[in-house]
Peer 1: 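My structure is below; once you've seen it, I'll send some questions.
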Amino acid sequence: MQNNEIATKIPVFCYHRVISDWHKIRYALGWTRFISVGYFDKQMKYIAENGYRTISCDEIYDWYKGNLELPKKTVMLTFDDAFYEVYYKALPILKKYDLKATIFTVGKNIKPTTSPELPNLSKHFIGQDVMDEIAETYPNVEFQGHTYGLHRKYDEVHLAKTKSLEDIKKDYKKMDKMGFTYSAHPYGYFNEKMAEAIRESNVKMAFAYDFPAYATKEDDIYNISRIKISGNILMKNFIRYLEQDEIDKLWYEPPIHL
């Protein structure tokens, strides 16, 4: 691999809900955490047809540690919250283009079974049955942690900010028992209490959710940069992210927190 082909930074994309084109047009045009399935397909097709390599958590960890070289045309796909539409809508597209992805799931939201797909935008999450099925049928998609129970706000204050250090440590220990070794911070909130709790857990690397930036080896290993992909992002800007263009807030479409 030539030096000019080696990745020195990596776009780590963050998605949330993938919904039908009709629901996007009818109900969610202004909700940037919702991307239409047709537009998601267009983005994944571009990644596949233009020679980009998609990577797992282990691969970005090995790259970060200097144990793996990756080509410049590398991208990581992540989904926060494990909404059930990821299974019904996004997974078939990931399979079609043979892409890897990571789904960060909130431990307390994992029920034994996954709700059938419903003809509305009700909020449901992937259950243990689907997690087991995906592990068997499509190991290119992995599940990791989004904390066990810190993913909510109390009076618009991040729960992790109000919890004691001992409570946060207990939360990460619950994630340990579920076998997760990577994590994404709920709402991107990260403080010293969380850093200490993570250091005492089995989590090897954790991901941010804040102003967009490319992941680099200069990042804090417990706060790796990601890029929020708005459901309304222009395709030319999506391509600019892939091409590792300079990120400018003038062309970044910020998400709406629902």
Peer 1: Where do Asp129 and Thr114 land on the side-chain hydrogen bond (donor to acceptor under 3.5 Å, both in side chains) test, with the steps shown first?
Peer 2: CA-CA 7 Å; Asp129 58 338; Thr114 303; 2.8 Å; yes

Peer 1: Describe, in one word, how the ring planes of Phe13 and Tyr15 are oriented to each other, choosing from parallel (under 30°), tilted (30 to 60°) and perpendicular (over 60°).
Peer 2: perpendicular

Peer 1: Do other residues, nucleotides or ligands put more than 12 heavy atoms under 6.0 Å from Lys170 NZ?
Peer 2: no

Peer 1: Which of these, Phe34, Phe125, Tyr88, sits in a ring pair (Phe, Tyr, Trp, His ring centres under 6.0 Å) with Phe83?
Peer 2: Phe125

Peer 1: Determine whether the aromatic ring centres of residues His16 and Tyr209 are separated by less than 6.0 angstrom.
Peer 2: yes

Peer 1: What residue among Tyr61, Tyr182, Tyr64 forms side chain to side chain contact (heavy atoms under 4.5 Å, CB included) with Ile224?
Peer 2: Tyr64

Peer 1: What orientation do Phe104 and Phe207 show, parallel under 30°, tilted 30 to 60°, or perpendicular over 60°?
Peer 2: tilted

Peer 1: Under the salt bridge (Lys or Arg N to Asp or Glu O under 4.0 Å) test, which residues partner Lys73, sequence neighbours left out?
Peer 2: none

Peer 1: For the pair Asp41 and Lys96, evaluate salt bridge (Lys or Arg N to Asp or Glu O under 4.0 Å) and give the outcome as yes or no after the intermediate values.
Peer 2: CA-CA 9 Å; Asp41 187 293; Lys96 178 169 68 171; 2.6 Å; yes

Peer 1: Under 4.0 Å between a side-chain nitrogen and a carboxylate oxygen: does that hold for Lys169 and Glu196?
Peer 2: yes

Peer 1: Any side-chain heavy atom of Ile93 within less than 4.5 Å of one from Phe40?
Peer 2: yes

Peer 1: List the steps, then state whether side-chain hydrogen bond (donor to acceptor under 3.5 Å, both in side chains) holds for Ser122 with Asn120.
Peer 2: CA-CA 6 Å; Ser122 58; Asn120 54 47; 2.6 Å; yes

Peer 1: Go through the structure and list residues passing side chain to side chain contact (heavy atoms under 4.5 Å, CB included) with Ala101, not counting sequence neighbours.
Peer 2: Leu77, Phe79, Leu94, Val141

